[in-house]
Amino acid sequence: MPTIFVELKERTYPIYLDEGESFPDVMADRFPDRRFALVTNSRLEELYGDLIEEWCDKLHAVKHIIPDGEQYKQLDTWKGILDTLLARRLDRRAVLVAFGGGVVGDIAGFAAATFMRGIDYVQVPTTLLAMVDSSVGGKTAVNHPMGKNLIGAFHQPRLVFIRTGFLTTLPDREYFAGYAEVFKNAFIGGPEMFAFIDKRHGELMAKDPNALKEAIDRSVRIKARIVSEDERESGNRALLNFGHTFAHALENNYKYTGILHGEAVHWGMACALDLACRSKLVPPSAVGRFESIRSKILRPELPSPPQPDDLYRAMFSDKKNLHGALRLVLPTEPGISSITEGIDEEAITATLKNVFTD
Ligand code: NAD
Ligand code: GLY
């Protein structure tokens, strides 16, 4: 039985995290007399073809496979999903299953949001990033040549089914990138989460299964709470973007190649912490505890050394900014951050120089 819920009144939904039930049983129970379609990608079909076949057989589900890669998170791929749903005569009562990482989840979620003006869908995340972040919260999207996630909709799933066992096949690079979205919760998820990450970081780096399950459980609860309080990001949901303003500038700097989003978020967290200390947002009493966590932030290899001035300029295209002014999520106490405006250019460029040229 699930113990985690995203509370959204009549749209409240459960998150199954390594509970005993099998996926087809959960689906048959939750959606009696419904037709199903499962969307996944070519890589997952290679790795989990037998399991996908078994699930599709049991649920009599239509299967649709998309190519693997962020470059396919675009309108043609979305149209391909809709074409299949229409060709197989699925209707408004159909339930779509997204089996994969954030790319499959975002695009299948957007197909569910738009097919027949919106049908039910379920997330089965298979990457660490998708388990702790993208499968929960109802942001669905595809990219446009003008930018990432520019076409999309808020459309909450009906349930999320997490099996941490899928992570055993995830490449290390993807695992450590996804770990950024766990680690960021040390800054926004309260003092207990700060202490948890500080203490269990070594085990999480070594992919210890117990530590990992607890980290996912804690991260999902934090995200579920924030989304319940601010579904459409008019306030505190922006906290989930801790480190992301710097990260987006970095990704943009490399034109989204040679760096994974999570890798950029690790650097972004180092910047946010440096800036908060420099701007005296962190009280002297907390500096020591932040030092301990600072030493644990990863610094993944970058394609080339970035220029601080370029990064500073790129920070201004962040979606959180209002009227051209930077809005940054910065830490104040262990586990607590707030949305901050009015940090001056001098401090930000000093941070960028310090973090990237040390
Ligand atoms: P991804 O979906 O591209 O997956 C990364 C790679 O791992 C892919 O090659 C994939 O095929 C492979 N893979 C997936 N599961 C695997 C497994 N169990 N074993 C082996 N390989 C596996 O990338 P991602 O990091 O999961 O997601 C990134 C996407 O998520 C971006 O498009 C981003 O915009 C989006 N995102 C959305 C939200 C949201 O709230 N909706 C939040 C964060 C990120
Ligand atoms: N990944 C940020 C959010 O879901 O709001």
Side-chain angles (χ1 to χ4, degrees), residues 6 39-49 51-52 65-74 77 98-110 112-113 121 123-144 147-157 160 162-182 184-185 188 219-220 222-245 247-248 251 256 259-265 318-320 329:
V6 180
V39 177
T40 189
N41 77 16
S42 47
R43 178 71 188 129
L44 287 153
E45 170 74 354
E46 262 168 40
L47 288 167
Y48 294 104
L51 181 74
I52 291 170
I65 310 229
I66 65 172
D68 183 16
E70 178 77 30
Q71 70 273 34
Y72 297 105
K73 194 176 130 180
Q74 38 98 335
T77 316
F99 181 89
V103 168
V104 169
D106 276 15
I107 195 164
F110 185 54
Y121 78 113
Q123 292 271 14
V124 184
T126 61
T127 62
L128 181 56
L129 177 138
M131 290 179 192
V132 299
D133 192 359
S134 61
S135 67
V136 177
K139 284 187 179 177
T140 74
V142 292
N143 302 329
H144 183 274
K148 270 188 60 126
N149 298 328
L150 292 183
I151 304 167
F154 281 98
H155 187 52
Q156 298 291 344
V160 180
I162 303 177
R163 276 277 186 273
T164 55
F166 289 130
L167 298 177
T168 52
T169 54
L170 192 68
D172 280 353
R173 188 170 174 198
E174 296 291 346
Y175 175 83
F176 291 117
Y179 181 50
E181 305 291 359
V182 174
K184 79 174 178 201
N185 290 314
I188 63 168
S219 299
V220 165
I222 290 164
K223 179 142 191 188
R225 176 178 51 74
I226 291 176
V227 169
S228 299
E229 288 164 6
D230 177 24
E231 183 182 5
R232 296 281 174 133
E233 199 166 322
S234 48
N236 274 355
R237 186 163 177 169
L239 294 177
L240 293 167
N241 282 334
F242 181 84
H244 284 53
T245 306
H248 291 151
E251 289 178 275
Y256 298 91
I259 185 162
L260 297 175
H261 171 69
E263 292 173 333
V265 173
D318 191 78
K319 286 202 214 94
K320 278 189 301 302
V329 182

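Every number for a ligand or one of its atoms is a count from 1 in the order of the listing. These figures come from a predicted structure and were not determined experimentally.
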Worksheet item: What are the two closest non-hydrogen atoms of Thr140 and Tyr121, and how far apart are they?
Response: CG2-OH, 3.6 Å

Worksheet item: What atoms of ligand 1 come closer than 4.0 angstrom to any heavy atom of Asn41?
Response: 10 (C), 11 (O)

Worksheet item: When you measure from atom 38 (C) of ligand 1 to every protein heavy atom, which one gives the shortest distance, and what is it?
Response: Ser134 CB, 3.2 Å

Worksheet item: In ligand 1, which numbered atoms sit nearer than 4.0 Å to a non-hydrogen atom of Asn149?
Response: 34 (O)

Discussion item. Please state which option from Arg237, His261, Lys184, Glu231 has its nearest heavy atom closest to atom 5 (O) of ligand 2.
Written reply: Arg237

Fill in: 4.5 Å side-chain heavy-atom contact, His248 and Lys148
no

Item to complete: Classify the contact between His261 and ligand 1 as side chain, backbone, both or neither, using a heavy-atom distance cut-off of under 4.0 Å.
Response: neither

Worksheet item: Nearest protein heavy-atom contact for atom 8 (C) of ligand 1: which residue, which atom, what distance?
Response: Asp68 OD1, 3.3 Å

Worksheet item: Please walk me through it: do Asn149 and Lys73 pass side chain to side chain donor-acceptor pair (under 3.5 Å)?
Response: CA-CA 9 Å; Asn149 298 328; Lys73 194 176 130 180; 2.6 Å; yes

Worksheet entry | CG on Leu240 to NZ on Lys223, rounded to 0.5 Å | 5.5 Å

Worksheet item: What part of Thr126, side chain, backbone, both or neither, has a heavy atom within less than 4.0 angstrom of ligand 1?
Response: both

Practice prompt. Scan side-chain atoms only and decide if His244 and Glu251 contain a donor-acceptor pair under the 3.5 Å cut-off.
Written response: no

Discussion item. Suppose we measure from atom 12 (C) of ligand 1 to each protein heavy atom; which comes out shortest, and what is that distance?
Written reply: Arg43 CG, 4.5 Å

Worksheet item: Among all protein non-hydrogen atoms, which one is nearest to atom 37 (C) of ligand 1, and what is the separation to 0.1 Å?
Response: Asp106 OD2, 3.2 Å

Fill in: ligand 2 contacted by Glu181 (non-hydrogen, < 4.0 Å)
no

Worksheet entry | Residue portion contacting ligand 1 (non-hydrogen atoms closer than 4.0 Å) for Ala141 | neither

Worksheet item: Of the options Ile65, Thr126, Asp68, which is the one that meets Arg43 in a side-chain contact (heavy atoms from CB on, under 4.5 Å)?
Response: Asp68

Practice prompt. From atom 20 (C) of ligand 1, work out which of Val265, Thr169, Val104 has a heavy atom at the shortest distance.
Written response: Thr169

Worksheet item: Any ion pair linking Glu233 and Lys139 (charged N to carboxylate O, less than 4.0 Å)?
Response: yes

Practice prompt. For atom OH of Tyr72, decide whether the heavy atoms of other residues, nucleotides or ligands shown that lie under 6.0 angstrom number more than 12.
Written response: no

Item to complete: Do me a favour and list the nearest non-hydrogen protein atom to atom 1 (N) of ligand 2 with residue, atom name and distance?
Response: Asp133 OD1, 3.0 Å

Worksheet item: Quick check: does Asn241 get an N/O under 3.5 Å from an N/O on ligand 2?
Response: no

Worksheet, complete the sentence: Short version for Asn143: what comes under 4.0 Å of ligand 1, heavy atoms counted, is neither

Practice prompt. Report the part of Leu47 (side chain from C-beta onward, or backbone N, CA, C, O) that has a heavy atom under 4.0 Å from ligand 1; answer both or neither where that applies.
Written response: side chain

Practice prompt. Please report which non-hydrogen protein atom sits nearest to atom 22 (C) of ligand 1, along with the residue it belongs to and the distance in Å to one decimal place.
Written response: Leu170 CD1, 3.7 Å

Discussion item. With heavy-atom distances below 4.0 Å as the criterion, list the atoms of ligand 2 near Leu240.
Written reply: 3 (C), 5 (O)

Worksheet item: Who's closest to atom 14 (C) of ligand 1 heavy-atom-wise, of Ile66, Val132, Thr127, Asn241?
Response: Thr127

Practice prompt. Report the nearest protein non-hydrogen atom to atom 44 (C) of ligand 1: residue, atom name, distance rounded to 0.1 Å.
Written response: Leu129 CD2, 3.6 Å

Worksheet item: Less than 4.5 Å apart, any side-chain heavy atom of Thr127 and any of Glu174?
Response: no

Discussion item. For Gly102 versus Ser134, what's the shortest heavy-atom pair and its separation?
Written reply: CA-OG, 3.4 Å

Worksheet item: Does a donor on one side chain and an acceptor on the other come within less than 3.5 Å for Thr169 and Tyr48?
Response: yes

Discussion item. Any nitrogen or oxygen of Phe166, side chain or backbone, less than 3.5 Å from one on ligand 1?
Written reply: yes

Worksheet entry | Nearest non-hydrogen protein atom, atom 4 (O) of ligand 2 | Lys223 NZ, 2.5 Å

Worksheet item: Which is it for Thr140 and ligand 1 at heavy atoms under 4.0 Å: side chain, backbone, both or neither?
Response: neither

Worksheet item: For ligand 1, is any non-hydrogen atom under 4.0 Å from Lys148's backbone (N, CA, C, O), its side chain (CB onward), both, or neither?
Response: side chain

Worksheet, complete the sentence: The atoms of ligand 1 lying under 4.0 Å from a heavy atom of Asp133, numbered in the order shown, are 42 (C), 43 (C)

Worksheet entry | Nearest heavy atoms of Gly101 and Leu44, plus distance in Å | N-CD1, 4.3 Å

Item to complete: In plain terms, say whether Asp133 and Lys184 are close enough for a salt bridge, that is, a side-chain N and a carboxylate O under 4.0 Å apart.
Response: yes

Worksheet item: Can you tell me the protein heavy atom closest to atom 31 (C) of ligand 1 and the distance?
Response: Glu70 OE1, 3.2 Å

Fill in: Which of the ligand 1 atoms, numbered from 1, are nearer than 4.0 Å to a heavy atom of Lys73
31 (C), 32 (O), 33 (C), 34 (O), 35 (C)

Worksheet item: Going by the order shown, which atoms of ligand 2 are within less than 4.0 Å of some heavy atom of Glu233?
Response: 5 (O)

Worksheet item: At what distance is the nearest protein heavy atom to atom 30 (O) of ligand 1, and which residue and atom is it?
Response: Gly102 CA, 3.3 Å

Item to complete: Enter the distance from Asn41:CG to Phe99:CZ here, rounded to the nearest 0.5 Å.
Response: 9.5 Å

Item to complete: Have a look at Val136, Ile107, Val103 and point out the one with the heavy atom closest to atom 2 (O) of ligand 1.
Response: Val103

Worksheet item: Within the side chain of Asp230, is there an N or O that forms a donor-acceptor pair under 3.5 Å with the backbone of Ile226?
Response: no

Discussion item. Is the shortest side-chain heavy-atom distance between Ile66 and Val104 below 4.5 Å?
Written reply: yes

Response to the item:
Exactly one of Val132, Val136, Val220, Val124 clears side-chain contact (heavy atoms from CB on, under 4.5 Å) with Ile162, and that residue is Val220

Item to complete: Would you mind telling me if ligand 1 is within reach of the side chain of Leu167, the backbone, both or neither, using heavy atoms under 4.0 Å?
Response: neither

Worksheet item: Which of the atoms in ligand 1, numbered in the order shown and given with their element, are less than 4.0 Å from a heavy-atom of Pro171?
Response: 20 (C), 21 (N)

Response to the item:
Rounding to 0.5 Å, atoms OH (Tyr256) and CD (Glu70) come to a distance of 9.5 Å

